[in-house]
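Note sheet for the following structure.
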Amino acid sequence: IDHVIDRQQLARANRDLQQELAARHRLQQTTTQALDVLEALQRHAPVGIAFMDCDGRLQRVNHELESINGLPMTEHAGRTLAEAFPGLAEQLEQLYRQARDGESVSKVEITGTTPAIAGKVRHFNVSLYPIRDAAQAVVGVGLVMAESTERKRAEAALREHAAMMADLARQKDEFLAMLSHELRNPLAPIRTALELMHRSGPPDEVSATGRGVIAGQVR
(Lines give C-alpha, C1' and ligand atoms only; values in the text may rest on other atoms or scores of the structure.)
Protein backbone atom coordinates (compact mmCIF):
# COMPACT_ATOMS: atom_id res chain seq x y z
CA ILE A 1 0.00 0.00 0.00
CA ASP A 2 2.82 2.37 0.88
CA HIS A 3 4.42 1.53 -2.43
CA VAL A 4 1.21 2.37 -4.34
CA ILE A 5 0.80 5.62 -2.40
CA ASP A 6 4.39 6.59 -3.18
CA ARG A 7 3.80 5.92 -6.86
CA GLN A 8 0.64 8.03 -6.86
CA GLN A 9 2.43 10.89 -5.10
CA LEU A 10 5.32 10.60 -7.54
CA ALA A 11 2.91 10.66 -10.49
CA ARG A 12 1.09 13.67 -9.05
CA ALA A 13 4.39 15.50 -8.43
CA ASN A 14 5.48 14.63 -11.96
CA ARG A 15 2.25 16.06 -13.41
CA ASP A 16 2.66 19.22 -11.36
CA LEU A 17 6.24 19.53 -12.53
CA GLN A 18 5.27 19.04 -16.17
CA GLN A 19 2.53 21.66 -15.85
CA GLU A 20 4.96 24.10 -14.24
CA LEU A 21 7.55 23.47 -16.95
CA ALA A 22 4.90 23.97 -19.66
CA ALA A 23 3.79 27.23 -18.03
CA ARG A 24 7.41 28.42 -17.82
CA HIS A 25 7.94 27.47 -21.46
CA ARG A 26 4.86 29.45 -22.52
CA LEU A 27 6.02 32.42 -20.47
CA GLN A 28 9.48 32.20 -22.02
CA GLN A 29 7.96 32.10 -25.52
CA THR A 30 5.75 35.10 -24.73
CA THR A 31 8.72 37.02 -23.32
CA THR A 32 10.87 36.15 -26.32
CA GLN A 33 8.15 37.27 -28.72
CA ALA A 34 7.68 40.54 -26.83
CA LEU A 35 11.44 41.18 -26.90
CA ASP A 36 11.54 40.41 -30.62
CA VAL A 37 8.72 42.90 -31.24
CA LEU A 38 10.45 45.58 -29.16
CA GLU A 39 13.72 44.89 -30.95
CA ALA A 40 12.05 45.23 -34.37
CA LEU A 41 10.25 48.41 -33.36
CA GLN A 42 13.44 49.97 -32.06
CA ARG A 43 15.49 48.84 -35.06
CA HIS A 44 13.07 50.26 -37.63
CA ALA A 45 11.82 53.30 -35.70
CA PRO A 46 12.14 56.57 -37.68
CA VAL A 47 13.46 58.33 -34.55
CA GLY A 48 16.64 57.91 -32.55
CA ILE A 49 16.28 55.77 -29.42
CA ALA A 50 18.80 55.17 -26.63
CA PHE A 51 18.97 53.68 -23.15
CA MET A 52 21.28 55.11 -20.47
CA ASP A 53 22.06 53.68 -17.07
CA CYS A 54 21.93 55.64 -13.83
CA ASP A 55 25.59 56.59 -14.22
CA GLY A 56 24.75 58.52 -17.39
CA ARG A 57 26.39 56.05 -19.77
CA LEU A 58 24.82 54.90 -23.00
CA GLN A 59 24.03 51.19 -23.00
CA ARG A 60 22.14 50.88 -26.26
CA VAL A 61 21.24 53.01 -29.29
CA ASN A 62 19.26 52.16 -32.42
CA HIS A 63 20.35 52.57 -36.04
CA GLU A 64 18.50 55.87 -36.49
CA LEU A 65 20.34 57.48 -33.58
CA GLU A 66 23.64 56.23 -34.98
CA SER A 67 22.74 57.91 -38.28
CA ILE A 68 21.62 61.14 -36.59
CA ASN A 69 24.79 61.43 -34.53
CA GLY A 70 27.16 60.04 -37.14
CA LEU A 71 28.89 57.51 -34.86
CA PRO A 72 28.69 53.68 -34.95
CA MET A 73 27.29 51.66 -32.06
CA THR A 74 30.75 50.79 -30.79
CA GLU A 75 31.45 54.48 -30.21
CA HIS A 76 28.21 54.98 -28.27
CA ALA A 77 28.19 51.99 -25.92
CA GLY A 78 29.56 52.79 -22.48
CA ARG A 79 30.14 56.45 -23.26
CA THR A 80 28.75 59.48 -21.47
CA LEU A 81 26.61 62.09 -23.21
CA ALA A 82 29.57 64.47 -23.24
CA GLU A 83 31.67 61.85 -25.04
CA ALA A 84 29.03 60.75 -27.56
CA PHE A 85 27.23 64.09 -28.11
CA PRO A 86 29.80 66.83 -27.40
CA GLY A 87 27.83 69.48 -29.30
CA LEU A 88 24.57 68.70 -27.46
CA ALA A 89 25.87 67.42 -24.13
CA GLU A 90 25.11 70.43 -21.93
CA GLN A 91 21.43 70.47 -22.90
CA LEU A 92 21.05 66.67 -22.85
CA GLU A 93 22.74 66.26 -19.47
CA GLN A 94 20.33 68.68 -17.81
CA LEU A 95 17.33 66.80 -19.24
CA TYR A 96 18.93 63.45 -18.32
CA ARG A 97 19.22 64.48 -14.67
CA GLN A 98 15.54 65.42 -14.59
CA ALA A 99 14.55 62.02 -16.00
CA ARG A 100 16.93 60.14 -13.69
CA ASP A 101 15.26 61.92 -10.76
CA GLY A 102 11.90 60.53 -11.92
CA GLU A 103 10.54 63.38 -14.04
CA SER A 104 9.59 62.69 -17.66
CA VAL A 105 10.68 65.36 -20.14
CA SER A 106 8.64 65.53 -23.35
CA LYS A 107 9.39 67.17 -26.72
CA VAL A 108 12.04 69.66 -25.68
CA GLU A 109 13.84 71.44 -28.51
CA ILE A 110 17.63 71.49 -28.37
CA THR A 111 20.13 72.99 -30.81
CA GLY A 112 23.75 72.14 -31.52
CA THR A 113 26.21 70.22 -33.68
CA THR A 114 26.87 66.51 -34.19
CA PRO A 115 29.77 64.54 -35.66
CA ALA A 116 27.53 63.52 -38.59
CA ILE A 117 27.71 67.03 -40.11
CA ALA A 118 30.62 68.80 -38.48
CA GLY A 119 30.08 72.49 -37.81
CA LYS A 120 26.45 72.57 -38.94
CA VAL A 121 23.93 73.71 -36.33
CA ARG A 122 21.00 71.30 -36.19
CA HIS A 123 17.71 71.25 -34.30
CA PHE A 124 16.22 68.27 -32.45
CA ASN A 125 13.10 67.42 -30.46
CA VAL A 126 14.00 65.13 -27.57
CA SER A 127 12.04 63.27 -24.91
CA LEU A 128 13.61 61.57 -21.88
CA TYR A 129 11.79 59.38 -19.40
CA PRO A 130 12.75 57.29 -16.36
CA ILE A 131 12.78 53.50 -16.78
CA ARG A 132 11.66 51.67 -13.63
CA ASP A 133 11.88 48.11 -12.39
CA ALA A 134 9.06 46.08 -10.82
CA ALA A 135 9.60 47.90 -7.52
CA GLN A 136 9.28 51.27 -9.33
CA ALA A 137 12.91 52.15 -8.71
CA VAL A 138 14.58 54.09 -11.54
CA VAL A 139 17.11 51.81 -13.26
CA GLY A 140 17.91 54.01 -16.24
CA VAL A 141 16.73 56.66 -18.66
CA GLY A 142 15.24 56.31 -22.13
CA LEU A 143 15.95 58.88 -24.83
CA VAL A 144 13.94 59.56 -28.01
CA MET A 145 15.39 62.05 -30.50
CA ALA A 146 13.99 63.36 -33.80
CA GLU A 147 15.62 65.96 -36.02
CA SER A 148 13.59 69.11 -36.73
CA THR A 149 16.19 71.10 -38.71
CA GLU A 150 14.21 71.08 -41.97
CA ARG A 151 11.00 72.01 -40.17
CA LYS A 152 12.74 74.92 -38.46
CA ARG A 153 14.16 76.04 -41.80
CA ALA A 154 10.70 75.85 -43.38
CA GLU A 155 9.18 77.80 -40.48
CA ALA A 156 11.85 80.48 -40.85
CA ALA A 157 11.18 80.68 -44.61
CA LEU A 158 7.44 81.04 -43.94
CA ARG A 159 8.06 83.80 -41.40
CA GLU A 160 10.34 85.58 -43.87
CA HIS A 161 7.73 85.24 -46.62
CA ALA A 162 4.99 86.54 -44.32
CA ALA A 163 7.15 89.52 -43.36
CA MET A 164 7.86 90.24 -47.04
CA MET A 165 4.15 90.08 -47.92
CA ALA A 166 3.32 92.39 -45.01
CA ASP A 167 5.96 94.84 -46.24
CA LEU A 168 4.54 94.69 -49.78
CA ALA A 169 1.03 95.33 -48.44
CA ARG A 170 2.35 98.31 -46.45
CA GLN A 171 4.10 99.70 -49.54
CA LYS A 172 0.91 99.24 -51.59
CA ASP A 173 -1.15 101.10 -48.98
CA GLU A 174 1.41 103.90 -48.87
CA PHE A 175 1.43 104.12 -52.67
CA LEU A 176 -2.37 104.26 -52.90
CA ALA A 177 -2.52 106.90 -50.17
CA MET A 178 0.10 108.99 -51.98
CA LEU A 179 -1.64 108.51 -55.35
CA SER A 180 -4.98 109.55 -53.89
CA HIS A 181 -3.42 112.65 -52.37
CA GLU A 182 -1.54 113.59 -55.56
CA LEU A 183 -4.70 113.20 -57.66
CA ARG A 184 -6.88 115.22 -55.31
CA ASN A 185 -4.56 118.22 -55.37
CA PRO A 186 -4.91 119.06 -59.12
CA LEU A 187 -8.51 117.87 -59.48
CA ALA A 188 -9.93 120.29 -56.92
CA PRO A 189 -8.80 123.49 -58.72
CA ILE A 190 -9.81 122.01 -62.10
CA ARG A 191 -13.31 121.42 -60.79
CA THR A 192 -13.40 124.94 -59.34
CA ALA A 193 -12.23 126.43 -62.66
CA LEU A 194 -15.00 124.56 -64.51
CA GLU A 195 -17.59 125.90 -62.11
CA LEU A 196 -16.34 129.48 -62.62
CA MET A 197 -16.40 129.01 -66.40
CA HIS A 198 -19.95 127.69 -66.15
CA ARG A 199 -21.06 130.77 -64.18
CA SER A 200 -19.38 133.20 -66.57
CA GLY A 201 -22.04 132.70 -69.20
CA PRO A 202 -23.15 130.37 -71.98
CA PRO A 203 -20.14 128.97 -73.87
CA ASP A 204 -19.79 128.55 -77.61
CA GLU A 205 -20.07 125.06 -79.07
CA VAL A 206 -16.33 124.24 -78.92
CA SER A 207 -15.99 125.50 -75.32
CA ALA A 208 -19.10 123.56 -74.25
CA THR A 209 -17.66 120.34 -75.69
CA GLY A 210 -14.31 120.92 -74.00
CA ARG A 211 -15.95 121.66 -70.68
CA GLY A 212 -17.99 118.46 -70.93
CA VAL A 213 -14.89 116.37 -71.62
CA ILE A 214 -13.02 117.96 -68.72
CA ALA A 215 -15.96 117.56 -66.32
CA GLY A 216 -16.38 113.89 -67.27
CA GLN A 217 -12.69 113.11 -66.76
CA VAL A 218 -12.62 114.94 -63.42
CA ARG A 219 -15.59 112.87 -62.19
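None of these values were measured; they are calculated from a predicted model.
Side chain of Ser148 to main chain of Arg151: no donor-acceptor pair is present (N/O by atom type, distance under 3.5 Å, no hydrogens or angles). In this structure a side-chain-to-backbone donor-acceptor pair under 3.5 Å is present from Asp53 to Asp55. The main-chain N or O of Thr111 is found under 3.5 Å from a side-chain atom of Gln91 such that the two form a donor-acceptor pair. Panel note: side chain Thr149, backbone His123; a donor-acceptor pair is recorded below 3.5 Å. A donor-acceptor pair is defined here as one N or O able to donate and one able to accept, closer than 3.5 Å; such a pair exists between the side chain of Ser127 and the backbone of Lys107. Between the side chain of Thr192 and the main chain of Ala188, a donor-acceptor pair closer than 3.5 Å is present. Side chain of Asp133 to main chain of Ala135: a donor-acceptor pair is present (N/O by atom type, distance under 3.5 Å, no hydrogens or angles). Distance alone, capped at 3.5 Å, places no donor-acceptor pair between the Tyr129 side chain and the Gly102 backbone. Not one N or O on the side chain of Asn62 forms a donor-acceptor pair closer than 3.5 Å with the backbone of Gly48.
Rounded to the nearest 0.5 angstrom, Leu17 CG and Arg24 CZ are separated by 8.5 Å. Rounded to the nearest 0.5 Å, atoms CG (Leu81) and CD (Gln94) are 12.5 Å apart. In this structure, Glu20 CD and Arg15 CZ are separated by 15.0 Å, a value rounded to the nearest 0.5 Å. Of the inter-residue distances, the one linking Leu128 atom CG with Leu143 atom CG reads 5.0 Å to the nearest 0.5 angstrom. With rounding to the nearest 0.5 Å, the separation of CZ in Arg100 from CD in Glu93 is 10.0 Å. In this structure, the separation between NE2 on His63 and CD1 on Ile49 is 11.5 Å, given to the nearest 0.5 Å.
In the hydrophobic clustering of ILVMFWY residues, with side-chain heavy atoms under 4.5 Å counting as a link, Leu71 and Phe85 come out apart. Note on Val138 and Phe51: separate hydrophobic clusters, where clusters join Ile, Leu, Val, Met, Phe, Trp and Tyr whose side-chain heavy atoms are under 4.5 Å apart, directly or indirectly. In this structure, Leu183 is a member of the same hydrophobic cluster as Met178, with clusters built from ILVMFWY side-chain heavy atoms closer than 4.5 Å. Put simply, Met197 and Ile214 are part of two different groups of oily side chains (I, L, V, M, F, W, Y) that touch within less than 4.5 Å, one to the next. Placement of Val121 and Leu92 in two distinct hydrophobic clusters is found when ILVMFWY residues are connected by side-chain heavy-atom separations under 4.5 Å, directly or transitively.
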Candidate pair Arg57 and Glu83, rule side chain to side chain contact (heavy atoms under 4.5 Å, CB included), full reasoning: CA-CA 9 Å; Arg57 294 189 176 274; Glu83 294 168 339; 3.9 Å; yes
Determine, step by step, whether Val47 and Glu147 satisfy the side chain to side chain contact (heavy atoms under 4.5 Å, CB included) criterion, reporting the C-alpha distance in whole Å, the side-chain angles of both residues, the deciding distance to 0.1 Å, and the verdict. CA-CA 8 Å; Val47 294; Glu147 185 168 4; over 6 Å; no
With salt bridge (Lys or Arg N to Asp or Glu O under 4.0 Å) as the criterion, how do Arg170 and Glu174 come out once you've worked through the C-alpha distance, each side chain's angles and the decisive distance to 0.1 Å? CA-CA 6 Å; Arg170 179 185 56 78; Glu174 290 176 356; 2.8 Å; yes
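Heavy-atom contacts from other residues, nucleotides or ligands closer than 6.0 Å to CD of Gln136 number more than 12. Environment of CD in Glu160: sparse, with no more than 12 heavy atoms of neighbouring residues, nucleotides or ligands closer than 6.0 Å. Remark: Arg153 CZ is packed, more than 12 non-hydrogen atoms of other residues, nucleotides or ligands lying under 6.0 Å away. For Glu90, the CD atom counts as loosely surrounded, since its 6.0 Å shell holds 12 or fewer non-hydrogen atoms of other residues, nucleotides or ligands.
A donor-acceptor pair shorter than 3.5 Å can be found between the side chains of Asp167 and Gln171. Side-chain polar atoms of Ser207 and Arg211 form no donor-acceptor pair below 3.5 angstrom.
Shown here for His76 and Asn69, the closest heavy-atom pair between the two residues is NE2-ND2, 3.2 Å. Ala99 and Val141 make their closest contact through CB-CG1, 3.7 Å (heavy atoms, listed as atom of the first residue, atom of the second, distance). Thr114 approaches Ile68 most closely through the heavy-atom pair OG1-O, 3.7 Å. Here the closest non-hydrogen pair linking Val61 and Ala50 is CG1-CB, 3.7 Å. The two residues Ala116 and Arg122 come nearest to each other via the heavy atoms CB-NH1, 3.7 Å.
Side-chain contact between Lys120 and Thr113 is absent, with no heavy-atom pair separated by less than 4.5 Å. You'll find the side chain of Arg132 reaches within 4.5 Å of the side chain of Pro130, heavy atoms only. In this structure, the side chains of Asn125 and Val108 stay at 4.5 Å or more apart for every pair of heavy atoms.
Under the 4.0 Å criterion applied to side-chain N and carboxylate O atoms, Glu195 and Arg191 are not assigned as salt-bridge partners.
Residues that satisfy the salt bridge (Lys or Arg N to Asp or Glu O under 4.0 Å) test with Lys152, not counting sequence neighbours, are Glu109.
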